[in-house]
Amino acid sequence: MRDAYHEELDSIGDGLVEMARLVGSAIGRATTAILDSDLKLAESVIEADQKVDDLQHELEARAIALLARQQPVATDLRIVVTSLRMSADLERSGDLAQHVAKLARLRFPARAIPHDLHATILEMGQLAQRLMAKAAEVIITKDVDLALQLEQDDDAMDLLHRTLFQHLMDDRWKHGIETAVDVTLLGRYYERYADHAVAVAKRVVYLVTGEHADDLQQEIQSVAGVEGA
């Protein structure tokens, strides 16, 4: 019975990894779709989001059944509850990738993104994909140090987000209000996607240590400060 119980716990973790890989692929393909005005690719991203939703529903059902049957305590309970929260973060990440693809579809056959912003959007898409790949690795390895690094990696996304706004506020902006709105929304989608990847990593920290990532980070900084004094 205990072997079957732990197999169920492991299967929930496997499902989270699959979700992370799916939404990582989705943001990469959505970025290509919006930069290339690729309607077929955009449609495939939009349709594929259903698989992410189905996986989340399946994980929720499995986790709730496990809570009802096994009534886990301590670490096992933390695994189940934290996994439910991670699945919600990953499902929302998939929605954000879908939003990018829907914007590409909305503006087709025109290109939603001006040429002078292509490099910035491409970098945001690639960074989002890397962050989610790292989040998947954290789920697999339970590596707390790697998990804590994600928040620092997210600083690069925040910088790119600010870069977009600098373009929008520039007096030389010549692409009109509609494009400005599109770019504003797009920047927000990528920024929020990165936040969800960081949230997943933080939840792994809590799962492993029983401490919230921000508190643990402060403790580490305090120890480093004492040692450096």
Side-chain angles (χ1 to χ4, degrees), residues 1-28 45 48-99 128-154 157 189 191-220:
M1 285 292 292
R2 294 298 296 175
D3 286 345
Y5 169 53
H6 284 289
E7 282 177 12
E8 285 186 72
L9 281 177
D10 290 343
S11 74
I12 291 173
D14 292 342
L16 291 170
V17 172
E18 185 177 358
M19 284 184 74
R21 287 173 174 164
L22 286 172
V23 301
S25 171
I27 198 66
V45 174
D49 187 57
Q50 185 61 50
K51 185 173 182 181
V52 176
D53 294 344
D54 291 344
L55 261 175
Q56 189 204 14
H57 297 154
E58 181 185 330
L59 285 175
E60 282 183 345
R62 217 182 295 168
I64 290 168
L66 204 59
L67 287 171
R69 288 198 314 272
Q70 302 291 344
Q71 297 181 345
V73 295
T75 301
D76 288 349
L77 178 61
R78 198 160 67 229
I79 290 171
V80 176
V81 173
T82 303
S83 295
L84 283 169
R85 291 174 175 169
M86 283 194 283
S87 74
D89 282 313
L90 293 167
E91 188 275 335
R92 184 59 184 143
S93 299
D95 287 346
L96 291 163
Q98 187 185 56
H99 291 340
Q129 199 166 6
R130 289 198 302 273
L131 284 167
M132 192 55 73
K134 190 174 283 190
E137 185 179 351
V138 167
I139 296 170
I140 295 168
T141 63
K142 307 294 188 292
D143 187 329
V144 171
D145 291 334
L146 183 62
L148 293 174
Q149 286 174 19
L150 254 79
E151 192 159 15
Q152 297 174 357
D153 295 340
D154 183 47
M157 184 66 83
Y189 297 153
E191 190 263 341
R192 289 297 299 142
Y193 183 101
D195 286 346
H196 284 295
V198 171
V200 168
K202 284 184 172 183
R203 296 193 197 286
V204 173
V205 172
Y206 177 70
L207 187 156
V208 173
T209 67
E211 291 188 68
H212 292 289
D214 293 341
D215 295 338
L216 187 60
Q217 192 78 269
Q218 287 179 2
E219 289 177 20
I220 292 170

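Treat the numbers as computed from the prediction; the structure is a model and nothing was measured.
The NZ atom of Lys51 sits 5.0 Å away from the CD atom of Glu18 when rounded to the nearest 0.5 Å. Here the CD1-OG distance, from Ile27 to Ser93, works out to 8.5 Å after rounding to the nearest 0.5 Å. Atom OG of Ser25 and atom CD of Gln129 lie 6.5 Å apart (nearest 0.5 Å). One finds the OH atom of Tyr193 at 12.5 Å from the CG atom of Asp154 (value rounded to the nearest 0.5 Å). Separating the CG atom in Asp10 from the CD atom in Glu8 is a distance of 10.5 Å, to the nearest 0.5 Å. To the nearest 0.5 Å, the span separating OG1 on Thr82 from CZ on Arg203 amounts to 8.0 Å.
In summary, of the residues considered (Asp53, Val52, Asp49, Val23), a side chain to side chain contact (heavy atoms under 4.5 Å, CB included) with Gln98 occurs for Asp49 alone.
Remark: Lys142 NZ is packed, more than 12 non-hydrogen atoms of other residues, nucleotides or ligands lying under 6.0 Å away.
Nearest heavy atom pair, residue Ile139 against residue Gly13, reads CG2-O, 4.1 Å. Residue Ala88 comes nearest to Gln56 through the heavy atom pair CA-NE2, 3.5 Å, listed as atom of the first residue, atom of the second, then distance. For the residue pair Ala197 and Ala135, the shortest heavy atom distance occurs at O-CB, 3.8 Å. Nearest heavy atom pair, residue Arg62 against residue Ser11, reads NH1-OG, 3.0 Å. Among all heavy-atom pairs drawn from Ser83 and Ile12, the shortest one is CB-CG2, 3.6 Å.
Annotation: side chain of Asp195 is not in contact with side chain of Met157 (no heavy-atom distance under 4.5 Å). Residues Glu137 and Asp143 form no side-chain contact, since every pair of their non-hydrogen atoms from C-beta on lies 4.5 Å or further apart. Proximity of Val17 to Arg21: side-chain heavy atoms (C-beta onward) are separated by under 4.5 Å at one or more points. Side-chain contact between Val80 and Asp76: absent, with no pair of heavy atoms (C-beta onward) separated by less than 4.5 Å. Between Val200 and Val138 the shortest side-chain heavy-atom distance does not fall below 4.5 Å. Residues Met86 and Val204 meet the side-chain proximity criterion, which asks for heavy atoms closer than 4.5 Å.
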Hey, mind stepping through His212 and Val205 against side-chain contact (heavy atoms from CB on, under 4.5 Å) and telling me if it holds? CA-CA 7 Å; His212 292 289; Val205 172; over 6 Å; no
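Checking side-chain atoms of Arg130 against main-chain N and O of Asp153 turns up no donor-acceptor pair under 3.5 Å.
Comment: Arg92 does not engage Asp89 in a salt bridge, judged by the lack of any side-chain N to carboxylate O separation of less than 4.0 angstrom.
Side-chain contact of Asp54 with Gln50: a donor-acceptor pair under 3.5 Å is present, judged by distance alone.
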